[in-house]
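Shown next, in structure tokens, is the structure this report addresses.
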Amino acid sequence: KDKRKVAASTIKTNCHPVASPENIKGADYIGYLKKKIRSRTKNIFFLQGFCGDIRPKIIKRNNTLKDILITLLIGRRFRKQDKEDSKIIGNKIYNSILKKDNFRKSILLSKIGKSYKLNHKIILSNNDIFAKSLDITIWNWNEVILIFINAEVMSGYNIFTYKNKKVICAGYSNGMIGYLPTKQDMLNGGYEVDKSRVNFNIKHRLNTKNESLIKKGIKNI
């Protein structure tokens, strides 16, 4: 605020920066997007928003039995990824940032506020405690609050404003212990709730009361 200049730009997207196939230049659109914005401001930060997976209609192969059956029944639902896809997406997002005022939100920081830590023991459906804890970091910078969680956090946890302060929520922060679904997500089931647990050695579903305990803990801080 004192120097009256932009110190940094923060990009938060509520979807995965989807990787390209191997050996294709440009692993994701975030790289292209940051490159474009760097011409306007030196420091660029990318934050993974609370979302879960959002998958485009792209496949690497079209030769599994499932793919073949889908094509026979309803035609081509998917296409293979093109090496220019990431660049095109990055440019489109950049252009939308330039054109739409509601995408540009400036925050004047006169001073850095306080940092808080919250350690949540994840309760499983059989009431056991998962070996790894959920580490939540909260930065209260007076004009804005940032919430960082070391998980793939589903969108039901999103907080946009709190007591007239802007809130920025970021997952995949300081590690990754697995998906963090809401109570509603767990009732719906699906990959994030069940299948993904194998990759993170979570033997049981998460207990539905985790959501209210986590939100209450963050609110108390």
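Index from 1, following the sequence.
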| Do Lys165 and Asn140 get their side chains close enough for a donor-acceptor pair, meaning under 3.5 Å? | yes
| task | Check the side chains of Thr182 and Asp185 for a donor-acceptor pair under 3.5 angstrom, ignoring hydrogens and angles. | result |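 A pair is found: one side chain offers a donor N or O, the other an acceptor, under 3.5 Å apart.
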| In terms of hydrophobic clusters joined by side-chain contacts under 4.5 Å, are Leu124 and Leu180 together? | yes
| task | Treating Ile, Leu, Val, Met, Phe, Trp and Tyr as nodes and any side-chain heavy-atom pair under 4.5 angstrom as an edge, say whether Ile218 and Tyr172 lie in one connected cluster. | result |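 Shared cluster, yes.
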| task | Can you measure from CG (Asn220) to NZ (Lys215) and round to the nearest 0.5 angstrom? | result |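 Answer for the CG-NZ pair, Asn220 versus Lys215, is 14.5 Å.
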| CE of Met186 to CG of Asn210: how many Å apart, nearest 0.5 Å? |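 So the gap between those two atoms works out to 6.0 Å.
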Could you report the tightest heavy-atom contact between [X] and [Y], atom names first, then the distance?
X: Tyr157; Y: Pro181; result: OH-O, 3.2 Å
X: Ser133; Y: Asn119; result: OG-ND2, 3.0 Å
X: Ala8; Y: Phe45; result: CB-CE1, 3.6 Å
X: Leu206; Y: Ile122; result: CG-CG2, 3.8 Å

| request: Please confirm whether the backbone N or O of Gly189 pairs with a side-chain atom of Asp194, one donor and one acceptor, at under 3.5 Å? | output: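 A pair under 3.5 Å: no.
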| query | What pairs with Lys203 under side-chain hydrogen bond (donor to acceptor under 3.5 Å, both in side chains), at least two apart in sequence or on another chain? | reply | Asn201
